[in-house]
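Beneath this line is the structure, given in structure tokens, with notes to follow.
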Amino acid sequence: MKFWRLAAVSTLALTAALFSQTAPQTQDEDFAKLVREWTTRPEFLSPLVDHLPKVTGVPTPKEVLGYYAGAPKKLTHVADLGKYYRALAASSKRVKVIPAGTTDEGRECIVAVVADEDTIQNLDTYKGYLARLADPRGLGEQEARRIIGSAKPIYMFTGGLHSAETGPPEMLMELAYRIATDESPLYEQIRKNVIVMMTAAAEPDGRDRYVDWYYKYKISEESEQDRAPGPPYWGKYIFHDNNRDINYSQVTMRNWLKFYLEWRPPIMHDLHESQPLLYSFSGQAPQNPTLDPILYAELPWFSNFEMTKMIGYGMPGVWTHAFVDMWSPGYLGFMSSNHNGMLRMYETFGNGGANTMRRTIGGGPGGAPDAAPAEGGPGGRGGRGGGMTAREWYRPLPPSRQLTWSMRNNTNYMETGVLSALELTANFSKTILENFYKKSRNSIHDGETEAPYGYVLPAGQADMTRVAFIVNTLRLQGIEIGRATADVKLREGTFPAGSIVIKRNQPYGRLAKIMLEKQNYPDPALNTYDDTAWTMGLMSHAQVVESADKSILDAPVTAVQTMDVAGEVKGDGPMLAVLENGANTLVTLRYHLKDVKFEAVEQAVPPANAGGVELPAGSLLVESSPRVKAEIQKLGLRAVALMQAPKVPRHPVDLPRLAVFTTWGATQDVGWVRYALDHFDVGYDLIYKERIRKGNLRADYDVILIPSQGGRGGGAKGLVFDIESKGKPYAYTKSPEFPSLGIYGESQDITGGMGLPGVAELDRFVNEGGVLITLGASSYLPAEFGIARTVDAARPSAQFYAPGPIVEAEILKPAHPIFYGYTKTVIPVRWAGGPLLRVPTDDRKSVLMQFPGTDKSVMSGLMRGVAETRNRPAVLDLPIGQGRVLMFATNPCYRWQNLGEFGMLANSILHFNDFPKPTTTPPSASEQ
Ligand SMILES: [Zn+2]
């Protein structure tokens, strides 16, 4: 106790010294007292946050919400976050609230802006300055200097992207209040030199769902050992992967991107929770070499400054290295570094809620609430950054192994860190702006002086919808794209007028390169935090030509805003043949016209028999009507009118009664599949263990699809047994008190999994004629639990390391319906971390696709130990009983990225009852 008092006194003295230049402001004594109570050790507090000014007429969070940020057992719903920021804006001329769109579930995205009154009044002027620096074409050096002289950097915080990381949205309210009200020199300088922005919650839907769940279950947690499971969902589709949504598929992530491109903050700082006690990202290797060297100087500059300040305050456990690296550009905050700004990121220590708990660092179960697989465990993915309590050059003052941790501790750390970052920004605002300008200028300059100079997506590709996907995704990110008005003659070839041309001499030319190039991973000995490859052309199976020919910069083009692919119907006749060119919208056509009869041709039809157009195998025959034609047009498909059906084998295209199975504990990879199926309007029931255990699945379903889940090296046990039941039920149900629960499914108890009785029902389903499709890690299930008894599913060795590379796969049965629309026998697929499958020689005929597994078959990114994959099945089609099991070792539906592989999944749905007979080996395409 004595020690406590002494420390408190010295902290106050330090506070006084720091802020002695101005007349003392009235302080909120209630706050100071409570914060000291809530902070579990004196060293977990700093002189920046141990007090709060009291200003008549400007409400603290407590005056609006009834509690201060960091109060025990208090978490704030989205509407109340908005209520607070609006109350603050209504009472202070230093604060403004900007709406930034709505979410899947209709919640509001908002950003609060805090700066001095004059800046708030002239925000558009400052927005204009940043826009000019972001695109400095035609801007002379002198003019640039003048703009830098007048401009102010925006420093934008995002908090609550990951819903279990509950602290940041609470802290940010207090931060906004402090910056708006504190009259001491530090704050005056911040207000004057920086425009501070903050999201209320970066994932509003998940925030509300998690807060509901917290109040329902987690508020009674008392220890690390006593943890309740998390809610089954955060956002509508995904959890942590909202920070991996590289193609901005999710509505809320698009809102932030749109906001970013409107305001262009030179710094974006994403606040997470998982690591003790505060990790400040410093941009370590592997680093993407295309990004500007200036960025790599800025990142440690900031993180070291924060560490310096916080160690100076005596706060242990601040560190800057051995966790996240600069390789994947897919994290949300990377929208800043991808656009010549600066990404910043924290991980603070959180308890997964607002309860105070005894914690064990680097040891206890999970280490941190957020130590979900996607976030990496305490050691980070790949086992780096262990030894959290060890002193290292990047962790000069490690934390003790045992500590009691509170939400207020978390708030203190985060807020002290970000205030230090804002202090640095306020002191060096011109350096930040100058660097922002230089990085933008350098990006244009690089595109003019360094190959590749640009990219061509040639016109006339059989399926232009996937070309449009690439174009529109890049357009969303602000990349300028042109359509050639004449033939483009380059060293790499001549490309017809109408081809898409992306020139690198533009502000976001570097981003275009990063997204389109092959990822040459710099050092195979280095592990990385997320994927090593994302090359858009390979992922989409679309032709993208990289050009080392500088003349591409002079190719005449017209600007493309968005690329629409209009479908076409050639000729006249009573019947239409819709070409199977690999467009993913072919499945949409079938679903949009459910009541219409379709047939598929099982072999290619030569032009002579099909109105002058070759019909690839899998093309659909349908009676012509204005409605059918309109759909073909809308979906960007190509069709030819025929007088009669061509004389080749064909089958009716029936729609299956489709179920998608999800566990309650790992809904994220299922979410990506749901997203894709919803996007393409494929109808399905989302089913849980409850339906599986009820049995008689065949009565309701023809196909059960099990998206990748429960894997992560753990085989199929996670899929079967799911969240461990500890005797206490956890209901996920909607109620007036918890309206955000019970959405996307309901359960009286989410624990326990389908169990062995569930497996028996799946086995019965297959034997009774159902088709079971397993993707990625879920393909352990049929092998390990005996549904596909002859298949062996092994795990790779400990030396094997393959974080999402793109590798070659070889199609062995090109005539199988799942390969309709694929014209090559060797195709790029994303390595999905699925099982290494093996079948006995007698069953080799069931192997539809395999991994060649040679060094040259790694097309982009890193695979260490490629030989372990040699000739391993990538897709198996096994006739079992009356039904089938289709096992993908790949994941044809990964994070809205590998749209080139999605066709295999769409085909397996469309042609579910037309797989070749068990005894026959289908002839290969080359024999036709
Ligand atoms: Zn996180």
Side-chain angles (χ1 to χ4, degrees), residues 75 156-172 198-211 213-214 218 227 230-231 233-235 237-246 250 252-253 256 268-283 303 319-320 322-336 343-354 366-382 384-385 388 405 407 410-411 413-414 417-418 528-531 666-669 671 712 895:
L75 292 179
M156 178 165 172
F157 294 99
T158 47
L161 180 64
H162 289 163
S163 308
E165 303 161 29
T166 53
E170 307 294 332
M171 183 281 288
L172 287 171
M198 57 201 74
T199 60
E203 169 52 279
D205 294 342
R207 173 74 184 180
D208 272 355
R209 196 155 11 258
Y210 195 90
V211 172
W213 187 260
Y214 170 77
K218 293 182 84 72
R227 286 269 164 77
Y233 293 94
W234 289 354
Y237 293 108
I238 52 179
F239 278 73
H240 286 86
D241 276 4
N242 59 11
N243 204 22
R244 313 286 189 278
D245 188 13
I246 193 168
Q250 303 300 303
T252 302
M253 303 312 119
W256 299 131
M268 256 182 107
H269 191 153
D270 200 18
L271 300 165
H272 290 259
E273 279 175 23
S274 76
Q275 299 298 321
L277 297 175
L278 186 148
Y279 161 78
S280 176
F281 178 65
S282 62
S303 56
W319 55 297
T320 63
F323 190 50
V324 180
D325 57 77
M326 274 299 284
W327 185 248
S328 166
Y331 310 105
L332 184 73
F334 259 68
M335 70 174 66
S336 181
L343 150 86
R344 309 216 53 239
M345 196 267 284
Y346 281 176
E347 299 277 0
T348 49
F349 204 38
N351 288 345
D370 177 43
E375 193 80 347
R381 186 177 284 185
R384 292 172 309 116
M388 291 296 172
W405 194 251
M407 180 61 123
N410 177 311
T411 307
Y413 265 73
M414 223 185 314
V418 301
T528 187
Y529 196 72
D530 204 69
D531 285 343
T667 64
Q668 172 158 281
D669 289 355
R712 305 239 182 249
R895 289 182 181 171

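Position 1 is the first residue of the sequence, and the numbers go up from there. Every number for a ligand or one of its atoms is a count from 1 in the order of the listing.
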Side-chain donor-acceptor pair under 3.5 Å between S280 and R344, yes or no?
yes
Once the angle between the rings of F157 and H269 is folded into 0 to 90°, is it parallel (under 30°), tilted (30 to 60°) or perpendicular (over 60°)?
tilted
Checking T158 against D270: is there a side-chain donor and acceptor pair closer than 3.5 Å?
yes
Under 2.8 Å from the Zn ion (ligand 1), is there any N, O or S atom belonging to E347?
no
If the Zn ion (ligand 1) is the vertex, what is the angle to OE2 of E165 and ND1 of H162, rounded to 10 degrees?
90°
Do any N or O atoms from the side chain of E347 and from the backbone of Y279 form a donor-acceptor pair under 3.5 angstrom?
no
Report the name of the N/O/S atom of H272 located nearest to the Zn ion (ligand 1).
ND1
